[in-house]
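Here the structure is a predicted model, which is why all the values come from computation and not from measurement.
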Amino acid sequence: MGKKSFLGMETTDSSSVASDLIGSDLKELGMAAKKLANHAIMLAGGLGFGTSFLSWVASFAAIYLLILDRTNWRTNMLTTLLIPYIFFSLPSLIFSFLRGDVGKWVCLIAVIIRLFFPRHFPDWLEAPAALILLIVVAPGMFADTLRGMWVGVAICLIIGCYLLQEHIRASGGFRNSFTKAHGISNTVGIVLLLVYPVWALVLYIL
């Protein structure tokens with residue numbers, strides 16, 4: 001009689017230990033899944049921040065190259081391609097601001113000066129005026145859809161590659177593009193145009 005009760009107690013203890021072990025394992029699995037989710041969220045947020053930061057860098061690099069071309073760069077490259085590049089890479093904060101009433105007033109003043117006072121409208125203002133006019137009048141398909149898709153990023157990449165190879169050709173080779181006057185700043189500015197679309201396309205693929 002006592003032997004049977006001993007066997008019953010031993011079976012009960014073994015099953016309780018097994019259930020405790022399973023519960024502990026499930027708890028550890030839950031904690032691991034929670035950590036994995038938190039790390040994934042942090043990584044996604046970091047990558048998103050990186051894309052946003054690079055879009056700011058690329059936009060300012062394009063604006064810098066555009067100003068440089070209108071002042072002392074003066075190349076035969078199709079630098080007007082920087083206008084659509086800025087359009088597609090400009091951060092949403094600035095883009096929305098210029099697309100509102102502020103941009104409309106700027107466009108109105110620019111058109112009035114260009115029509116009635118052409119002598120007072122300098123040549124170097126044509127590109128910025130064209131950019132703001134493009135931002136204001138662009139249809140929603142371009143302003144709200146393509147800008148946020150891989151298509152706009154691919155356009156930026158194509159423009160950056162074209163300008164880089166044209167700059168290297170105009171400089172007489174890759175080495176000269178880093179050694180001639182203004183070569184380093186121009187080359188670095190064009191390379192920065194490539195960083196943002198490459199990074200954004202990699203994230204789209206992943």
Side-chain angles (χ1 to χ4, degrees), residues 45 47-164 166-167 182 185-186 188-201 203-204:
L47 294 177
F49 173 78
T51 305
S52 177
F53 174 75
L54 289 177
S55 69
W56 282 87
V57 173
S59 298
F60 282 113
I63 294 171
Y64 163 75
L65 292 173
L66 195 62
I67 295 173
L68 199 63
D69 181 64
R70 294 299 183 269
T71 54
N72 59 354
W73 193 9
R74 299 294 181 182
T75 65
N76 294 324
M77 294 192 310
L78 193 60
T79 51
T80 50
L81 287 173
L82 291 170
I83 299 298
Y85 184 96
I86 298 172
F87 176 85
F88 285 109
S89 66
L90 198 66
S92 300
L93 181 65
I94 301 178
F95 187 86
S96 301
F97 178 75
L98 293 177
R99 194 167 169 81
D101 290 336
V102 174
K104 294 176 182 178
W105 276 103
V106 172
C107 289
L108 177 63
I109 295 172
V111 169
I112 291 175
I113 295 176
R114 187 68 179 85
L115 287 176
F116 301 105
F117 308 99
R119 295 182 180 179
H120 298 281
F121 194 85
D123 294 337
W124 59 270
L125 272 181
E126 290 184 359
L131 172 62
I132 298 177
L133 184 62
L134 178 63
I135 293 174
V136 171
V137 304
M141 184 184 73
F142 289 95
D144 303 325
T145 305
L146 293 183
R147 264 179 47 85
M149 295 176 60
W150 65 269
V151 179
V153 178
I155 293 174
C156 291
L157 181 60
I158 293 172
I159 293 174
C161 291
Y162 168 79
L163 292 177
L164 180 61
E166 285 294 314
H167 174 60
H182 306 293
S185 60
N186 299 342
V188 170
I190 296 176
V191 169
L192 289 177
L193 299 182
L194 296 172
V195 176
Y196 160 68
V198 169
W199 176 265
L201 284 177
L203 291 186
Y204 275 115

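Side chains of Ile135 and Leu90 form a contact here, defined as non-hydrogen atoms less than 4.5 Å apart. Residues Lys104 and Asp101 form a side-chain contact, since some pair of their non-hydrogen atoms from C-beta on lies under 4.5 Å apart. At a threshold of 4.5 Å between non-hydrogen side-chain atoms, the residues Tyr196 and Val57 do not count as touching. A 4.5 Å side-chain heavy-atom check between Val153 and Phe88 finds every atom pair outside the cut-off. For the pair Val136 and Leu98, the minimum side-chain heavy-atom distance is 4.5 Å or more. Using a 4.5 Å heavy-atom cutoff, the side chains of Leu133 and Val106 are not in contact. Side-chain contact check for Phe53 versus Pro91: every heavy-atom pair is 4.5 Å or farther apart. Residues Leu66 and Ile83 meet the side-chain proximity criterion, which asks for heavy atoms closer than 4.5 Å.
To the nearest 0.5 Å, atom CG of residue Leu164 and atom CD1 of residue Ile159 are 13.5 Å apart. A distance of 10.0 Å separates CD1 of Ile63 from CG of Leu82, quoted to the nearest 0.5 Å. Atom CG in Leu194 sits 11.5 Å away from atom CD1 in Ile158 (nearest 0.5 Å). Interatomic distance, CG of Leu134 versus SG of Cys107, reported as 9.5 Å (0.5 Å rounding). Atom CG of residue Leu192 and atom CG of residue Leu54 lie 9.0 Å apart, to the nearest 0.5 angstrom. To the nearest 0.5 Å, the span separating OH on Tyr64 from CZ on Phe60 amounts to 14.5 Å.
When atom types are taken as modelled, the side chain of Arg99 and the backbone of Ile94 share no donor-acceptor pair closer than 3.5 angstrom. Using modelled atom types, no side-chain atom of Ser96 and backbone atom of Leu93 make a donor-acceptor pair closer than 3.5 Å. Although no hydrogens or angles enter the test, the distance criterion places a donor-acceptor pair under 3.5 Å between the side chain of Tyr85 and the main chain of Leu193.
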Begin from the C-alpha positions of Ser92 and Arg147 and carry the test side-chain contact (heavy atoms from CB on, under 4.5 Å) through to its verdict.
-> CA-CA 9 Å; Ser92 300; Arg147 264 179 47 85; 3.7 Å; yes

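The two residues Ala61 and Gly189 have their closest heavy-atom pair at CB-O, 3.8 Å. Nearest heavy-atom pair across Ser89 and Ser59 is O-OG, 2.9 Å.
Residues Phe87 and Phe95 bring their aromatic ring centres within 6.0 Å.
Partners of Phe121 according to the ring-ring contact (aromatic ring centres under 6.0 Å, His included) rule, which considers only residues two or more places apart in sequence or in another chain, do not exist here.
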